[in-house]
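First listed ligand is number 1; within each ligand, the first listed atom is number 1.
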Amino acid sequence: MWKHPSINEIKRLKMKYVDIFDQVQELVNEWDPVGLIGGGAPDDEYDCITIQLIDLLKQGANQAEIFEYIIHELDDHFGMGIKAIDNEYKESFIYKQTEFSNLLFEWYKRYETSNAVQIDHSLYLPQTILNVVGEITNITPINEGRHYQTVHKLETHSGKYIIKIKSREYPGSLFDEVERLKWMQGKLPVPKVISYEEEEGKEYLLMTYIDGCVASKYQPKDGEKSMGFILGEALRKLHDVKIDGCPFKQFSPDNLTAMVRKNILEHMDEVNEVVRTSFPDHTLEQLMDFLKSNKATNDQLTFTHGDYGSGNVMIHNGDLNAFLDVGEAGISDPYLDIYYMIKSLTVYSARQEEVSEFMNGYGIDVLDNYKMKFHQIMDTLLL
Ligand SMILES: Nc1ncnc2c1ncn2[C@@H]1O[C@H](COP(=O)(O)OP(=O)(O)OP(=O)(O)O)[C@@H](O)[C@H]1O
Ligand SMILES: [Mg+2]
């Protein structure tokens, strides 16, 4: 029935159950079934039992199964089980093992609930976030995020959430997204910020879960609007938001130009290389002149998304459900978004046919080629 683990097997399982091993070892040593710890034995004396108990718990064993295993193992491996005990001590022996089986089983139930997240080794969440969401019933990683930023869907008794985690080692901050989501709340459909925490060099952003699918995966049913049209309509809505009091200006035309100048100074060789390959008929000076003469004027500026790709818009029931990934939103030239969406449809995906739909939804017949070229140059020179 039970096979006593070899030393190598114990080592392997200790690694496998690293999240829980120390805590169960402590419980087993306190229980000290045959008095070895009390007699001065080292902490790892019962590791063979500890490992098998964890194995049983993880397989969903109940108190009775744990008890049955303990009775067998104490006899079989230690030779100090029920068979070796005088009749007068049998009752208290059974009581002690029953008590421990119950204690361990109850402890594991509590552990599973309060540490539901830690059972998934890839995901640790601060206690403050766990307190907000309550018991987590399911965790699904979403693999569309950047490599240094993880995104998970959390299902709980109180609802569904998205948790974004980013390490401080990498540039940028999730706090930019928090501020913008809060500013946009009530003006545009966006996820609601539930909590933002920083702990040990990591940022945690908890927000409401938005139903639907990202625009890039949207398949309209008969009679529903096309993906391009929805993206165009949605962008018109976003660009129509009043910008009075909007504090976010990181991509204003002046700031974009300053970023390009900085890049030229710091990465001269790379900039010259991209000019040679992307604009073979132009010199860098000509491109800079073009930027200067075609910069959007203040009265042309609107609220912009700043990263308007088809992976950052949620569609549900054939319509816009929310804008996502708004960490770069702010006041800028509306063609910043128009340029990036057309790039997203034509370069990042082969959805050329959606471009005219997008323009229809946005409400323009022709693209301003000067503005498109302005952003193409910016995009190239920003590397
Ligand atoms: N609130 C939300 N509700 C539902 N799904 C979400 C939500 N936020 C993010 N997602 C999903 O997670 C994906 C990645 O999220 P997001 O775009 O915000 O992060 P990112 O790491 O910046 O990704 P990217 O690499 O696209 O820039 C989205 O494309 C979407 O599928
Ligand atoms: Mg994104």
Candidate pair Y196 and Y204, rule ring pair (Phe, Tyr, Trp, His ring centres under 6.0 Å), full reasoning: CA-CA 6 Å; Y196 169 80; Y204 298 84; 9.0 Å; no
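Salt-bridge check for D333 with K295: failed, with every basic side-chain N at 4.0 Å or more from each acidic carboxylate O. Ion pairing between a basic and an acidic side chain is recognised when a charged N comes within 4.0 Å of a carboxylate O; K202 and E200 show no such pairing. Contact check on E179 versus K182 returns no salt bridge, with no Lys/Arg side-chain nitrogen under 4.0 Å from an Asp/Glu carboxylate oxygen.
A cation-pi geometry, defined here as NZ or CZ lying under 6.0 Å from the six-membered ring centre and within 45° of its normal, holds between K373 and F290.
When heavy-atom distances to ligand 1 are checked against a 4.0 Å cut-off, M314 comes that close only through its side chain, counted from C-beta outward. Looking at I210 against ligand 1, both its backbone and its side chain come within 4.0 Å, counting heavy atoms. Contacts between D325 and ligand 1, counted as non-hydrogen atom pairs separated by less than 4.0 Å, involve both the backbone and the side chain.
Considering only heavy atoms from C-beta on, F248 stays 4.5 Å or farther from I331 through its side chain.
Nearest to the Mg ion (ligand 2), among the N, O or S atoms that D325 has, is OD2.
At least one heavy atom of K164 sits closer than 4.0 Å to an atom of ligand 1. Within the structure, the closest approach of T208 to ligand 1 falls below 4.0 Å when heavy atoms are considered.
The shortest N or O to N or O distance between M207 and ligand 1 is not under 3.5 Å.
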